[in-house]
Novice: 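Okay, handing you the structure first.
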Amino acid sequence: YLRRWQDKDVETLESALEAVLAKVRAQRLDARRECDAMAAKHPEALDALRDAATWRVDDVVSPRVAKALGWAPGAGIADALRQPPKTNGFWGLLSEPEDDVY
């Protein structure tokens, strides 16, 4: 594919890709530093996240989604996932406009 390109255009593409890669690496490093700082500051919170058996529905899923799936807010997420979901309430959520979507 690049054989059709001029060398200068390929160099421009390489430079642009290297610049984006540098930004990705910097953001990755920043994210790692933030995670490490948070883990050092709140080690008990990190331990709680590692043990999925302690997760509760209301800690992981929005209340509207939990209700649509028929999951009780205080139930363990592992127990909720073992149940067949009640999808009749879920389809209504799919037709709503997105909110806070990255």
Side-chain angles (χ1 to χ4, degrees):
Y1 179 76
L2 292 178
R3 282 184 246 160
R4 295 182 257 164
W5 290 34
Q6 299 293 321
D7 280 343
K8 180 154 179 40
D9 294 333
V10 173
E11 289 173 12
T12 302
L13 174 63
E14 285 178 347
S15 295
L17 291 172
E18 287 169 354
V20 170
L21 181 58
K23 288 179 185 178
V24 168
R25 287 182 172 153
Q27 288 179 7
R28 178 181 177 193
L29 185 59
D30 287 344
R32 174 55 36 212
R33 285 184 186 141
E34 280 184 37
C35 288
D36 291 346
M38 187 64 71
K41 193 173 187 179
H42 304 287
E44 68 285 350
L46 187 60
D47 290 340
L49 289 174
R50 286 188 178 127
D51 185 10
T54 64
W55 294 1
R56 298 281 156 238
V57 167
D58 43 345
D59 294 331
V60 179
V61 181
S62 78
R64 293 172 63 204
V65 170
K67 183 178 179 183
L69 292 173
W71 294 350
I77 194 70
D79 294 332
L81 289 171
R82 284 188 202 102
Q83 302 174 34
K86 297 179 175 94
T87 56
N88 56 340
F90 193 72
W91 295 112
L93 291 176
L94 294 178
S95 64
E96 291 184 12
E98 297 84 13
D99 185 28
D100 295 329
V101 176
Y102 181 73

Novice: Taking a hydrophobic cluster as the set of Ile, Leu, Val, Met, Phe, Trp and Tyr residues connected by side-chain heavy atoms closer than 4.5 Å, whether directly or through intermediates, do V10 and L17 fall within one such cluster?
Specialist: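 Yes, it is one cluster - the side chains of V10 and L17 are joined through contacts under 4.5 Å.
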
Novice: Could you check L13 against L2 for side chain to side chain contact (heavy atoms under 4.5 Å, CB included), going step by step and ending with a plain yes or no?
Specialist: CA-CA 10 Å; L13 174 63; L2 292 178; 4.2 Å; yes

Novice: About how many Å separate CZ of R56 and CG of D59, when rounded to the nearest 0.5 Å?
Specialist: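 Output value for this atom pair is 8.0 Å.
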
Novice: Please report the shortest heavy-atom distance between P43 and A40, naming the atom on each side.
Specialist: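 Closest heavy-atom pair between P43 and A40: CD-O, 3.7 Å.
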
Novice: Within a strict 4.5 Å, meaning less than it, do heavy atoms of the W71 and V65 side chains meet?
Specialist: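 No; the side chains remain at least 4.5 Å from each other.
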
Novice: Rounded to the nearest 0.5 Å, what separates atom CZ in R32 from atom CZ in R28?
Specialist: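 So the CZ of R32 and the CZ of R28 are separated by 8.5 Å.
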
Novice: Apply side chain to side chain contact (heavy atoms under 4.5 Å, CB included) to the pair I77 and V61, showing each step before the final yes or no.
Specialist: CA-CA 9 Å; I77 194 70; V61 181; 4.0 Å; yes

Novice: With the threshold set at 4.0 Å, does a side-chain nitrogen-carboxylate oxygen contact exist between R33 and D36?
Specialist: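 No salt bridge links R33 with D36.
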
Novice: Heavy atoms only: give me the nearest G76-V57 pair and the separation to one decimal.
Specialist: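 Taking every non-hydrogen atom into account, O-CG2, 4.1 Å.
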
